[in-house]
Structure formats: structure tokens, C-alpha cells
Colleague: 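For reference, the structure I am asking about is given below.
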Amino acid sequence: MHITVVQQGEQVTVEMAGRFDFSSRLRFKRVRAEVLAAPSVREVDLDFSRVTHIDSAALGMLLIMRDEVEAVRKRVRVCNSVGAVREILGLANLGRLMAD
């Protein structure tokens, strides 16, 4: 998976492309740590518009991120999911946990 981080003021958009699965865990963990450590960041948008696949490990990574972001009083949301990825996020109830 390819990850690009774009910051505009207090908002960060994490643009992801490709397969979001267990093999993405180290890259995603690094990005998560950077976002959490940045004091100027208040809101994180995870842009799923180019994610083609998501597995259960990725769902777990999203829940961990949600918990960590909320613990430091920031906001995270999943946006722009499409197709099967959107369906999987919906089935996992992440649409309601991380507003889409």
C-alpha cells in the first residue's frame, strides 16, 4: 500500500492506495505515530478513495488508531470509501465509529 500524508493547518489527510492489509501494518503504524505526535493536528481524514482491498488486520489497525486518536483528543474519520471496501467498512460498523 502507498501512503501519502498531506497537512493543511490542523487537518491531516492520509491518502492510501492499493491493498490495506496485514502487510501494510508497519507503514500505517509509522503514519499513525506521526499524526499522534504532531501537536498542531486536530483532525485526521483517512482517504480510502484508492484503496482496492481491506482485510481484518486493517480493520483492527483502524480501531487501534481510533482509540489512540481519541485518547489525545483528536478526531479521525474514514472518507471516500468505494465498492467492496465501503461494504466491508459498513459491515464492520466503522462507518458509524469513524464517520464516513
Side-chain angles (χ1 to χ4, degrees):
M1 178 174 70
H2 180 74
I3 302 175
T4 304
V5 178
V6 179
Q7 183 171 354
Q8 293 180 330
E10 294 182 336
Q11 181 181 13
V12 165
T13 301
V14 179
E15 300 170 350
M16 299 178 287
R19 296 176 60 87
F20 186 20
D21 56 21
F22 182 75
S23 67
S24 308
R25 74 191 178 289
L26 295 178
R27 269 175 288 189
F28 190 75
K29 186 177 182 178
R30 278 193 298 271
V31 167
R32 189 176 75 223
E34 288 174 23
V35 168
L36 290 171
S40 63
V41 174
R42 302 301 313 147
E43 186 172 307
V44 181
D45 287 344
L46 302 174
D47 184 347
F48 272 71
S49 62
R50 296 180 14 210
V51 174
T52 58
H53 171 83
I54 188 168
D55 70 2
S56 60
L59 294 174
M61 288 183 262
L62 290 173
L63 290 173
I64 290 168
M65 182 173 195
R66 183 202 61 169
D67 291 346
E68 290 178 347
V69 167
E70 287 180 354
V72 294
R73 301 200 190 296
K74 298 183 183 191
R75 181 172 172 239
V76 63
R77 65 186 189 130
V78 172
C79 14
N80 303 323
S81 59
V82 295
V85 171
R86 183 177 188 83
E87 288 180 36
I88 291 168
L89 291 171
L91 289 171
N93 206 26
L94 284 176
R96 296 200 310 147
L97 297 174
M98 302 169 83
D100 186 11

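Quick caveat: nothing in here was measured; it's all calculated off a predicted structure.
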Colleague: Taking the side chain as every heavy atom from C-beta outward, state whether I3 and V14 have any pair of such atoms under 4.5 Å apart.
Modeller: yes
Colleague: State, with a plain yes or no, whether a side-chain heavy atom of M16 is found less than 4.5 Å away from one of D47.
Modeller: no
Colleague: Please tell me if the side chains of K29 and M61 come closer than 4.5 Å, counting only heavy atoms from C-beta onward.
Modeller: no
Colleague: Given side-chain contact (heavy atoms from CB on, under 4.5 Å), test R73 with R42 step by step and report yes or no.
Modeller: CA-CA 8 Å; R73 301 200 190 296; R42 302 301 313 147; 3.8 Å; yes
Colleague: Taking the side chain as every heavy atom from C-beta outward, state whether E15 and V6 have any atom pair closer than 4.5 Å.
Modeller: yes
Colleague: Not counting sequence neighbours, which residues clear salt bridge (charged side-chain N to carboxylate O under 4.0 Å, His left out) with R50? List them please.
Modeller: none
Colleague: Can you tell if the side chain of L59 reaches within under 4.5 Å of the side chain of L89, non-hydrogen atoms only?
Modeller: yes
Colleague: Is the closest side-chain heavy-atom distance between N80 and F48 below 4.5 Å?
Modeller: no
Colleague: Answer whether the closest heavy-atom distance between the side chains of R32 and E68 falls below 4.5 Å.
Modeller: yes
Colleague: Using the ring of F22 (Phe, Tyr or Trp, six-membered ring only), decide whether R25 places NZ or CZ under 6.0 Å from its centre and within 45 degrees of its axis.
Modeller: yes
Colleague: Answer yes or no: is there an ion pair linking E43 with K74, defined by an N-O contact shorter than 4.0 Å?
Modeller: no
Colleague: Roughly how far apart are L91 CG and I88 CD1, rounded to 0.5 Å?
Modeller: 7.5 Å
Colleague: Spell out, yes or no, whether I54 and L63 are grouped together once hydrophobic residues are joined by side-chain heavy atoms under 4.5 Å, including indirect joins.
Modeller: yes
Colleague: Is any side-chain heavy atom of L62 closer than 4.5 Å to a side-chain heavy atom of F28?
Modeller: yes
Colleague: Could you check S40 against Q7 for side-chain contact (heavy atoms from CB on, under 4.5 Å), going step by step and ending with a plain yes or no?
Modeller: CA-CA 10 Å; S40 63; Q7 183 171 354; 3.0 Å; yes
Colleague: Can you name the closest pair of heavy atoms from T52 and V85 and give their distance?
Modeller: C-CG2, 3.8 Å
Colleague: Could you point out which residue of V31, V41, V44 forms a side-chain contact (heavy atoms from CB on, under 4.5 Å) with V5?
Modeller: V31
Colleague: Could you tell me if Q8 and T13 have a donor-acceptor pair between their side chains, going purely by distance under 3.5 Å?
Modeller: no
Colleague: Would you name the heavy atoms of M1 and A17 that are closest together and state the gap between them?
Modeller: CG-O, 3.2 Å
Colleague: How long is the gap from CZ on R75 to CD on Q11, to the nearest 0.5 Å?
Modeller: 9.0 Å
